[in-house]
Structures are given as structure tokens and as C-alpha cells.
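Computed from a prediction, not measured in an experiment: that's the story for all the values here. One-based numbering, in listed order, for ligands and for the atoms of each. When reading the values below, keep in mind they use all heavy atoms of this one structure, side chains included, and skip hydrogens, waters and symmetry mates.
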Amino acid sequence: MTSIQDNIRGKIAIVTGASSGLGESTARHLAARGAKVVLAARRVDRLDAVVAEIRAAGGEAMAVATDVSKRADLERLAAATIEAFGRIDVLVNNAGVMPLSPIDKLKVDEWDRTIDVNIKGVLYGIAAVLPRMKAQGSGHIVNISSIAGFKVFTPIGTVYSATKYAVRAISEGLRVEVGNSGVRVTIVSPGAVDSELKFNTTDPDAAAGVNAFYEANQIPADSVARAIVYAVEQPADVDINEVVLRPVSQEF
Ligand SMILES: NC(=O)c1ccc[n+]([C@@H]2O[C@H](COP(=O)([O-])OP(=O)(O)OC[C@H]3O[C@@H](n4cnc5c(N)ncnc54)[C@H](OP(=O)(O)O)[C@@H]3O)[C@@H](O)[C@H]2O)c1
């Protein structure tokens with residue numbers, strides 16, 4: 001039987017949205033398994049605190065201030081990773097927002113932000129690492145979709161769902177396009193997970209429903225981090241294409 005215990009050790013992994021929730025937990029899990037982790041988000045004070053804890057535990061990590069809605073920031077993030085560690089083995093495209101409301105509330109600024117972070121941010125991340133990964137002949141891009149990428153989350157999550165369907169389409173297209181280049185692509189689609197995401201909703205009626213739904217169902221962020229670790233630790237010739245996970249109690 002092949003041991004995969006050490007497959008993550010020494011890998012250089014970028015995690016976007018690593019200042020809280022799934023991204024923070026994923027960065028901690030990958031670091032604990034021996035990856036050198038680059039944590040990206042806008043709240044650098046939060047990133048610095050996580051980096052300090054990873055280092056105190058004997059791991060290697062650094063923080064890079066990044067707004068994923070700005071392509072130049074992702075390019076800087078990739079360049080900083082190369083400068084520090086010489087290669088990029090894993091990108092976890094995790095940064096995301098979820099301000100929920102019915103379409104007829106016309107919260108168009110929130111639609112724009114959701115599209116900019118959840119779709120363009122993922123594409124900018126891919127653009128920043130793909131040439132390097134293809135040149136290396138190896139790499140792994142893990143994109144975070146959602147159960148809302150399988151079911152349209154009406155009546156408050158139509159735009160959010162649209163972005164998460166898009167993440168699945170982009171990921172599946174990318175997987176086919178990269179072919180036999182050595183680059184692996186994984187989609188991770190969680191259900192309700194305890195994080196700051198449930199507090200993004202500004203519409204009071206929608207927020208009440210979201211909070212009740214999360215209170216009734218949410219599971220810890222490390223349930224998703226473990227799924228990401230599972231995909232990353234596979235041997236180089238195995239691509240976990242898709243992981244879908246829900247709280248046991250969640251029907252939607
Ligand atoms: N929690 C769930 O129930 C759930 C379920 C399915 C899928 N997801 C997905 O999981 C991912 C992580 O969400 P989470 O639940 O962990 O939520 P979270 O705790 O709110 O974390 C979101 C992360 O994204 C970052 N972010 C937001 N806008 C950004 C921007 N413009 N540039 C860079 N980073 C940005 C935030 O950092 P800064 O604010 O510091 O920039 C934060 O680190 C998202 O893609 C979300 O859609 C979550």
C-alpha cells in the first residue's frame with residue numbers, strides 16, 4: 001500500500017481568504033502537514049496573527065496583503081511566493097463573499113462585489129499561477145464552490161448561486177483544458193459551515209433567515225479544510241475532481 005502521509009510536506013501552497021473561516025483553517029491544516037503556506041487576504045493583521053501561530057508551532061508561513069478583485073494583487077501574490085519559496089504547488093482559490101438578498105431589492109453594488117470576488121477573483125488567481133504550474137509540469141488549483149453551486153439558492157441567493165455555478169464551470173473547463181500538463185484541478189463544494197460568511201448579508205429579512213439556517217446546520221470550518229487536505233495529499237497522478245460535503249442535518 002502506498003503511503004500518502006508525506007505528500008504535502010514541502011509543498012508551496014497559497015490560500016486566498018486565509019484571514020478567517022475555511023481559508024484560515026485550510027492554511028493551518030496544510031502547514032501542520034508540512035506545507036509552506038502563503039496566506040492572502042485584505043486584513044493583514046488577521047493574517048499576521050495566523051502566521052505567527054503557524055510559526056510558533058514549527059511551521060512555515062507568510063502573509064501577503066491581497067484584494068482578489070484586483071488582478072495586479074494576485075500577480076504580486078504569485079511573485080512574492082516565487083521570491084520566497086521558488087515555486088507554487090497549490091493555489092486554494094477560497095476568498096469569497098455572500099451578501100444575500102432577493103433580486104428585486106436591486107442591491108446591484110453587492111451583485112458587483114460578489115461577481116468581482118467570487119468569479120473574477122478565482123479567474124485572476126488562476127491567471128497568476130497557471131503559467132508557472134504548466135512550466136513546472138505540476139500544480140494543483142483548488143476552487144471553492146458551494147452547495148449553492150448545485151442548487152439555485154432562491155429567493156435570496158440567486159446572484160451568489162450564479163457565482164458558485166460559475167466556479168464549477170470554470171473549474172471543470174480548466175481541468176479539461178490543462179489536460180495532461182501535470183496540473184490538477186479540484187472543486188470543493190461545502191454546505192453550511194461556521195465562519196464569518198453568514199454575517200455578510202445586509203438585508204435584514206434575508207439575514208434573519210440566514211442566521212437561523214446556519215444556527216440549525218453549520219459544521220466547523222475544519223471539515224472543509226480536511227477535504228482540501230485529502231485532495232492535495234493524493235499522489236501526483238490522482239486528481240480528486242470534486243468534493244461535495246454537507247452537514248448531516250442539511251437538506252438543501
Ligand atoms: N461558510 C459556508 O457556509 C460556505 C459554504 C460554501 C462555500 N463557502 C465558500 O467558502 C469560501 C470561504 O468563505 P468562509 O465561509 O470561510 O467565509 P469568511 O469567514 O467570511 O471568509 C472569507 C474570506 O475571504 C476573504 N475575502 C473577502 N473578500 C476578499 C477580497 N476582495 N480579497 C481578498 N480576500 C477577500 C476574507 O478576508 P478579508 O476580508 O480579510 O479580505 C476572508 O478571509 C468562500 O468562497 C465561500 O463562498 C462557504
Side-chain angles (χ1 to χ4, degrees), residues 14-29 37-51 63-77 91-100 109-110 112-125 128 142-151 153 157 159-168 170-171 186-201 210-225 227-228 242-247 249-250 252:
I14 299 172
V15 182
T16 69
S19 60
S20 68
L22 283 53
E24 177 187 335
S25 182
T26 299
R28 290 181 190 278
H29 275 252
V37 184
V38 181
L39 293 87
R42 294 165 304 171
R43 289 171 295 175
V44 183
D45 54 332
R46 299 276 294 261
L47 296 179
D48 286 342
V50 181
V51 166
V64 179
T66 308
D67 181 340
V68 299
S69 67
K70 296 182 177 149
R71 185 176 172 201
D73 278 21
L74 271 310
E75 297 295 327
R76 251 187 333 104
L77 172 63
L91 168 65
V92 184
N93 254 327
N94 161 78
V97 294
M98 187 182 73
L100 301 172
D109 289 346
E110 291 188 351
D112 283 342
R113 193 159 56 87
T114 307
I115 289 165
D116 285 349
V117 175
N118 295 8
I119 302 179
K120 290 186 180 175
V122 166
L123 286 167
Y124 294 159
V142 180
N143 293 329
I144 308 302
S145 179
S146 171
I147 293 300
F150 286 88
K151 292 185 176 185
F153 184 16
V159 174
Y160 179 71
S161 267
T163 67
K164 292 303 182 180
Y165 273 74
V167 170
R168 291 186 58 237
I170 291 162
S171 307
T186 299
I187 310 166
V188 176
S189 298
V193 177
D194 187 15
S195 75
E196 296 176 11
L197 200 73
K198 57 180 176 271
F199 304 124
N200 287 177
T201 296
V210 172
N211 284 337
F213 178 71
Y214 272 83
E215 284 306 317
N217 292 291
Q218 64 190 1
I219 51 177
D222 71 347
S223 51
V224 181
I228 293 170
E242 189 138 15
V243 179
V244 183
L245 68 144
R246 285 178 175 81
S249 61
Q250 181 179 344
F252 170 83

**Prompt:** Taking Ser161 for the side chain and Ala148 for the main chain, is one N or O donor matched with an acceptor at less than 3.5 Å?
**Reply:** yes

**Item:** Pairing residues for Arg76 by the side chain to side chain contact (heavy atoms under 4.5 Å, CB included) criterion, not counting sequence neighbours
**Value:** Asp73

**Item:** Those residues that, when tested against Phe252, pass side chain to side chain contact (heavy atoms under 4.5 Å, CB included) (two or more places apart)
**Value:** Ile147, Lys151, Phe153, Gln250

**Request:** Check each protein residue for a heavy atom under 4.0 Å from ligand 1 and list those that pass, ordered by chain and number.
**Result:** Gly17, Ala18, Ser19, Ser20, Gly21, Leu22, Ala41, Arg42, Arg43, Thr66, Asp67, Val68, Asn94, Ala95, Gly96, Val97, Val117, Ile144, Ser145, Ser146, Tyr160, Lys164, Pro190, Gly191, Ala192, Val193, Ser195, Glu196, Leu197, Tyr214

**Message:** So, using side chain to side chain donor-acceptor pair (under 3.5 Å) as the criterion, who are the partners of Ser145 when residues are at least two apart?
**Reply:** none

**Prompt:** Between Lys198 and Glu215, is there a side-chain N and carboxylate O pair less than 4.0 Å apart?
**Reply:** no

**Request:** Considering only NZ, NE, NH1 and NH2 on the basic side and carboxylate oxygens on the acidic side, decide whether Glu75 and Lys70 come within less than 4.0 Å.
**Result:** no

